[in-house]
Novice: 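Quick one: structure below, then a few questions.
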Amino acid sequence: MIYRHFNAPSRGFTRFSHDIIRHPRLSSDAVRLLTWQLSLPQGARESLSRTAERARIGACAFERAKRQLKEEGFVHERRVQVDGGRWVTQQLVSGSPLTPDQAAKLLAREPVASSQVAPSPRKPAAGPPTTPSTDGHPKKDPEEDTSHPPTEAEESPRGEEARALVDALPLLSPALRHIPSGMRSELARLAARWLDAGHTSGDVHEHVLRGLPGAGTSVHRPGGLVRYLLRDVPPRSLPSVPGIRLSPRLEGARECAGDHTQTTLFRPVSDETHCAQCA
């Protein structure tokens, strides 16, 4: 058995139809959204989304509740254009279902506030008015620094080789195939420092390959990894760091001493210095 105890409030209440609370097709969120809107003071302009926020109704639940209320005729919307060419959305919430024609008549009675704002007074510019300079074309060779100084790779005498070195990186390992094109200029500047210090393209490629993770480990940011590996330039005379090995796939490979557009690695049988194609 169930017992109910109810005292009618003397103030702060709103009359609702039982058809709203017991509606068979409205969810609890839709009923809460509708009853909350109907309980607002006369003339309140709180939007449905603001009500959902105050009622702790999530975004997805709010969209479902609003769609149900529109399908059942409790909520109607229309977009109208106001002064200044801007558009506003009118929302009508009703305690009983309305047809689109009935809702249009009620919305037509409501004035639409213009969204146009009067411009604020302009502040006068400091100093007397000046005329823009019309001295002709700028100097062909400006003496001052320009806004786009040449990059380090362009200043380096081996800048072209540095760019070719970076372009060949995706051919060395599958882990380097997805270096962003926007990073290649930066990587070329770093590679140019290695070349200027006396290192060869093969030295740089070998250093990058030694720094790659082992087989089966994916590289999510290959450009950042190469930038990290090329950040510090060791002296050319320093021996290679012990304990660091090439990946198993390139173990024993050697750079061909022949004339190639890009660095070519081959696996010698004895002490050959040229690949089979050059030989």
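Residue numbers run from 1 in the order of the sequence given.
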Novice: If you take all heavy atoms of G95 and I20, which pair is closest and at what distance?
Specialist: O-CD1, 3.4 Å
Novice: Thinking salt bridges, do R189 and E186 make one under a 4.0 Å N-O criterion?
Specialist: no
Novice: Passes side chain to side chain contact (heavy atoms under 4.5 Å, CB included), I179 versus V166? Steps please.
Specialist: CA-CA 10 Å; I179 295 178; V166 172; 5.8 Å; no
Novice: Do side-chain atoms of T200 reach the backbone of D203 as a donor and acceptor pair under 3.5 angstrom?
Specialist: yes
Novice: For residues V233 and L187: do they belong to one hydrophobic cluster (side chain heavy atoms under 4.5 Å, members Ile, Leu, Val, Met, Phe, Trp, Tyr)?
Specialist: yes
Novice: Starting at CG of L176, measure out to CG of L225 and round the result to the nearest 0.5 Å.
Specialist: 7.5 Å
Novice: Measuring from atom CZ of F74 to atom CG of L33, what distance do you get when rounded to the nearest 0.5 angstrom?
Specialist: 12.0 Å
Novice: Restricting to side-chain hydrogen bond (donor to acceptor under 3.5 Å, both in side chains), what partner residues turn up for T35, sequence neighbours left out?
Specialist: none
Novice: Specify the closest pair of heavy atoms between A162 and A192, including all atoms of both residues, with the distance to one decimal.
Specialist: CB-N, 3.7 Å
Novice: So L92 and L98, do their side chains get closer than 4.5 Å, heavy atoms only?
Specialist: yes
Novice: With rounding to the nearest 0.5 angstrom, report the CG to NE2 distance, D232 to H207.
Specialist: 8.5 Å
Novice: Between W194 and H199, what is the ring plane arrangement, given parallel below 30°, perpendicular above 60°, and tilted in between?
Specialist: tilted
Novice: Out of curiosity, L69 CG to L34 CG, how far, rounded to the nearest 0.5 Å?
Specialist: 5.5 Å
Novice: Which residues satisfy the side-chain hydrogen bond (donor to acceptor under 3.5 Å, both in side chains) test with R25, sequence neighbours excluded?
Specialist: E72
Novice: For S27, give me all partners under side-chain hydrogen bond (donor to acceptor under 3.5 Å, both in side chains), at least two apart in sequence or on another chain.
Specialist: Q68
Novice: With T89, which residues qualify under side-chain hydrogen bond (donor to acceptor under 3.5 Å, both in side chains), at least two apart?
Specialist: R79
Novice: Any side-chain heavy-atom pair from L48 and T51 closer than 4.5 angstrom?
Specialist: no
Novice: Got a sec, which residues hit side chain to side chain contact (heavy atoms under 4.5 Å, CB included) with K105, two or more places apart in sequence or on another chain?
Specialist: none
Novice: Could you work out the complete set of other residues in the hydrophobic cluster of L40, with links drawn between I, L, V, M, F, W and Y side chains under 4.5 Å apart?
Specialist: W36
Novice: Does K66 form a side chain to side chain contact (heavy atoms under 4.5 Å, CB included) with E77? I'd like the steps, not just the answer.
Specialist: CA-CA 11 Å; K66 180 180 175 181; E77 286 184 332; 2.8 Å; yes
Novice: Taking E206 first and then R210, would you say they form a salt bridge - that is, a charged N and a carboxylate O separated by under 4.0 Å?
Specialist: yes
Novice: Measure the CZ-CG distance between R177 and L171 for me, rounded to the nearest 0.5 Å.
Specialist: 9.0 Å
Novice: Should V75 and Q91 count as side-chain neighbours, where that means a heavy-atom distance under 4.5 Å?
Specialist: no
Novice: Search all heavy atoms of P222 against all heavy atoms of H178 and return the closest pair with its distance.
Specialist: CG-O, 3.5 Å
Novice: Does the pair R50/E53 count as a salt bridge with the N-to-O cut at 4.0 Å?
Specialist: yes
Novice: When rounded to the nearest 0.5 angstrom, what is the spacing between CD in E63 and CD1 in I57?
Specialist: 11.5 Å
Novice: Is there a side-chain contact between L190 and R231 (heavy atoms, below 4.5 Å)?
Specialist: no
Novice: Shortest non-hydrogen contact from S201 to L195?
Specialist: N-CD2, 3.9 Å
